Amino acid sequence: MQRFSILLGGEVRVTARLRGQVAGSRVIAADSGMAHAAALSVTPELWVGDFDSAGADLQARHPGVARKVFPAAKDATDGALAIREAVSRGATELLLVGGFGGQFDHVMAHALQLLQLAETEVSAVMTSGTEEAYPLLSSLALPGLAAGTRLSVLPLTALQGLTINGVRWPLVARDVDFASTLTLSNEVAGDVTLSLRAGRALVLVYPQ
């Protein structure tokens, strides 16, 4: 099992939970995501991107980190390139740190990549430290969340047979329309498990 943390350029709030998630993982930074390395006390093994948002000061602070430089005119985001590098190095679990905040097109694109990774059996989570996104294709377990933690299921397609246990408002084999708000703002009441017969969704968690 190979765990990688990908440092993206969005918002990060360093919490004890986030430090625990990053601990022991290999790290790759994507462009300005390197700015989170010091706060997380990590040294990436690779720094990728076109370096258009990694200013001279940031680059000067990390002269010893290996770099893979891409042209600004390219067919993927810096974050996607960092994910590819991690997968090529054997990643089976990915934590996308700094995936929230900033430009919505990048946030949504990286969130959708969680689903693409899940389809290839690579476990992936996107986090800011205070907001987490998980892909839901068939089943998902989220143990250890504090009671009262807010949890939402965002249906990206029509969902068939959605079951949610361990929450204040459980569901059993419920069909949910695409873009429905039925499954937003639930609350954790125990060890959360979700299952889905068909469809694709993102599960959003807001750890306390």
Side-chain angles (χ1 to χ4, degrees), residues 3-6 8 10-13 15-18 20-22 25 77 79-80 83 87 91-208:
R3 296 192 303 115
F4 278 77
S5 294
I6 307 297
L8 302 174
E11 298 174 358
V12 172
R13 179 179 175 185
T15 64
R17 178 178 174 86
L18 179 57
Q21 291 169 322
V22 172
S25 67
T77 65
I83 290 169
V87 171
T92 56
E93 296 183 11
L94 286 174
L95 181 71
L96 308 186
V97 182
F100 292 97
Q103 299 176 12
F104 180 75
D105 54 351
H106 284 239
V107 174
M108 194 63 188
H110 293 141
L112 292 174
Q113 286 198 316
L114 299 178
L115 296 164
Q116 183 183 50
L117 289 163
E119 289 174 346
T120 62
E121 299 186 352
V122 175
S123 173
V125 181
M126 189 166 77
T127 181
S128 67
T130 57
E131 183 174 19
E132 298 173 355
Y134 298 80
L136 178 59
L137 299 180
S138 57
S139 63
L140 178 66
L142 297 171
L145 294 170
T149 298
R150 187 159 70 90
L151 179 148
S152 294
V153 177
L154 187 64
L156 301 179
T157 67
L159 307 181
Q160 297 178 22
L162 175 64
T163 295
I164 311 175
N165 292 310
V167 293
R168 182 177 180 183
W169 295 286
L171 293 179
V172 177
R174 180 71 176 265
D175 291 347
V176 181
D177 291 337
F178 164 64
S180 170
T181 59
L182 169 70
T183 49
L184 269 59
S185 296
N186 212 323
E187 294 179 8
V188 171
D191 285 341
V192 176
T193 60
L194 304 98
S195 62
L196 185 62
R197 189 170 68 251
R200 287 173 170 77
L202 288 172
V203 180
L204 284 300
V205 176
Y206 300 84
Q208 298 181 357

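Being a predicted model, the structure only gives us computed values, none of them experimental. In this chain, residues are counted from 1 in sequence order.
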Next on the checklist: I'd like to know if the side chain of S128 reaches the main chain of G98, judged simply by a donor and an acceptor atom lying under 3.5 Å from each other, with no hydrogens or angles considered.
Outcome noted: no
Checklist entry - Would you find a donor on one side and an acceptor on the other, under 3.5 Å apart, between the side chain of R3 and the backbone of V22? => result no
Of all heavy-atom pairs between [X] and [Y], which one has the smallest distance, and what is that distance?
| X | Y | answer |
| --- | --- | --- |
| V125 | Y134 | CG2-CE2, 3.4 Å |
| A201 | P155 | CB-CA, 4.2 Å |
| R13 | L18 | O-CD2, 3.7 Å |
| P135 | A124 | CD-O, 3.2 Å |

Would you say that [X] contacts [Y] through its side chain, given a criterion of any heavy-atom pair below 4.5 Å between the two side chains?
| X | Y | result |
| --- | --- | --- |
| R200 | L137 | yes |
| I6 | V97 | no |
| V205 | T149 | yes |
| T163 | R174 | no |
| D175 | R197 | yes |

Item to check | Passing option when L151 is tested against L184, L142, L204 for side-chain contact (heavy atoms from CB on, under 4.5 Å) | outcome: L142
Next on the checklist: Here's a test for you: under side-chain contact (heavy atoms from CB on, under 4.5 Å), which of L117, V122, L8, L114 qualifies with I83?
Outcome noted: L117
From [X] [atom1] over to [Y] [atom2], what is the distance, rounded to the nearest 0.5 angstrom?
| X | Y | atom1 | atom2 | value |
| --- | --- | --- | --- | --- |
| Q160 | L196 | CD | CG | 8.5 Å |
| T183 | L154 | OG1 | CG | 7.5 Å |
| N165 | D191 | CG | CG | 11.0 Å |
| L112 | M126 | CG | CE | 9.0 Å |
| F100 | E132 | CZ | CD | 8.5 Å |
| L162 | S195 | CG | OG | 7.0 Å |

Checklist entry - Pick from Q113, H110, Q103: which one makes a side chain to side chain donor-acceptor pair (under 3.5 Å) with T77? => result H110
Item to check | Pairing of R150 and E131 as salt bridge, 4.0 angstrom limit | outcome: no
Next on the checklist: Between L202 and L136, does the side chain to side chain contact (heavy atoms under 4.5 Å, CB included) criterion hold? Intermediate values first, please.
Outcome noted: CA-CA 6 Å; L202 288 172; L136 178 59; over 6 Å; no
